[in-house]
Protein chains: 2
Amino acid sequence: MTTTALESLGPFQQLSEGGRQLLRRGAVLAQCGPPAPILQPGQSISGAYFVVRGRLRVYAVAPDGTEATLYFINPGETCVFALNSLFNDLRYPAWVQADADTTVALIPGPVFRELFQKETSIQDVTVRALSTLVFRLMDELEEVHAYKLDQRLANLLLIHASAAGELAMTQQQMADHLGTTREVVARLMRDLVAHGYVETGRGVTRIKNADGLAGLIATPGK
Amino acid sequence: MTTTALESLGPFQQLSEGGRQLLRRGAVLAQCGPPAPILQPGQSISGAYFVVRGRLRVYAVAPDGTEATLYFINPGETCVFALNSLFNDLRYPAWVQADADTTVALIPGPVFRELFQKETSIQDVTVRALSTLVFRLMDELEEVHAYKLDQRLANLLLIHASAAGELAMTQQQMADHLGTTREVVARLMRDLVAHGYVETGRGVTRIKNADGLAGLIATPGK
DNA sequence: CACCGTCTGTACCAAAAGCTACACAGAGGT
DNA sequence: ACCTCTGTGTAGCTTTTGGTACAGACGGTG
């Protein structure tokens, strides 16, 4: 695979010719996959990461080992966190793991800084990416403090389910996502099943009554 | 007060002459103070806010009315949230309240956009401000999910105490800050007093044993 | 088919945090 | 001096969440 895949990505479509050449010379594509993390806390960042295909999961790990997802990075998006570390010369403060079959482009720090200096479109993309991340983190924070676990689980199901209403995730993965434990997820899931909102299977959850789930969330609070 | 106070602020010291003029014509200074919020969720943002003096508190309000501080904005910093809404044309998703005796500069949207286009230093400031915010939110999220309330309270005391080891905050304010209720803060405070870590008074908490508090936090988790 | 690792279901107990209710204490105004 | 408002101290109960322990179910592999 060449960097042309990268150039066709949204953020880079409006680059000037000089910018394109810079990108071609500097960018590197890499194949990633679970379970090895591709970034760890404290690691120094060598450049800006863009997701070409697949998805990255950025998460925190508590001292006791429980995880909690901070946000996902989808194709065409950049790991603003790394970007962050890039501009502030700070160390990366979280873990990043790739979904299966993920391709990531790494644009070395100096190259990206130069692009940022010269290309308006890159400035825009950068600010917008940071903005978006701020909103996501904000939402996450508000969710954590305003909603109960069952509501957050319902939300997770609704948001990540496929169009067919299926979610291919083990309960352990859901627990990691929400920052809780598997047992709790199992317990909450039992209630959801009892209400007829979902059906559970090995590694998959099927939504039977999306409105019911939505109703759970709509009811204010904790 | 004139906008010269604004120009002497860190972010604007390196402006070109044109930028300065733009700033002088466009910026407006305003005095703010509690308890009236100066920004509310859904409000459309008319420009970028910079804190000249005092402090702004950005917080979320849950449906049940409990608050939780997201972050503070100190002098020389900008309300990146507003910035955010400015670039994304999104509505402001949180509440902002000023401490007593706070001066805020409002740079109208079009003016700020023009400054961002033309002035490298403004681009830098913007990205850096967004970056910093991302880190703060990240930390906050990690704290919420990894630490118990008593640890977070200890942390609050240590971080916000004056050099003399005093914190001039009511327990209600601490509760709002942590996203909990006053009673819980009182209960936790009793334990801290029992351990001899702090002394409480009306509207003020004195730290007697900072190491003890720090020890609380150091012990991993939840 | 037997085995084994992974995933799910569930029962029970413990800890943390929220809620309600009320007493008291200090500060400031009349 | 009295009253009121705001802030603090405390008790007891409920709900939510976490932790431990174990049983059973499913799927893949030899």
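The figures here come from the full heavy-atom set of this structure, side chains too, leaving out hydrogens, waters and symmetry mates. Since this is a predicted model, take the numbers as computed values, not measurements. Naming convention: chains lettered A, B, ... in sequence-line order (proteins, then strands); numbering from 1 in each chain.
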[Y] backbone acceptor or donor facing [X] side chain under 3.5 Å:
| X | Y | value |
| --- | --- | --- |
| Thr132(A) | Arg128(A) | yes |
| Arg152(B) | Leu178(B) | yes |
| Ser131(A) | Val127(A) | yes |

Sequence neighbours excluded, which residues qualify as side-chain contact (heavy atoms from CB on, under 4.5 Å) partners of Arg57(A)?
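With neighbours one apart ignored, the set is Tyr59(A), Glu67(A), Thr69(A), Phe72(A), Gln97(A), Asp176(A).
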
Between [atom2] on [N] and [atom1] on [X], what's the gap in Å once rounded to a whole number?
| X | N | atom1 | atom2 | answer |
| --- | --- | --- | --- | --- |
| Leu192(B) | dG9(D) | CG | C1' | 14 Å |
| Asp150(B) | dA16(C) | CG | P | 8 Å |
| Arg152(B) | dG18(C) | CZ | C1' | 14 Å |
| Leu153(A) | dT16(D) | CG | P | 15 Å |
| Leu149(B) | dT15(D) | CG | C1' | 15 Å |
| Leu188(A) | dT16(D) | CG | C1' | 10 Å |
| Arg206(B) | dT8(D) | CZ | C1' | 14 Å |
| Met174(B) | dT8(D) | CE | C1' | 11 Å |

Could you tabulate the donor-acceptor pairs under 3.5 Å formed by side-chain atoms of residues 182-205 of chain B, not counting sequence neighbours?
from      : atom 1 : to        : atom 2 : distance (Å)
His195(B) : ND1    : Asp191(B) : O      : 2.9
Glu199(B) : OE1    : Arg206(B) : NE     : 3.4

> With a 4.0 Å cut-off, would you call Glu77(A) and Arg53(A) a salt bridge?
Replying inline: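 Salt bridge absent between Glu77(A) and Arg53(A).
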
Its contact letters, B for base, S for sugar-phosphate only and - for none at protein heavy atoms under 4.0 Å, make nucleotides 1-9 of chain C read ----BBBBB

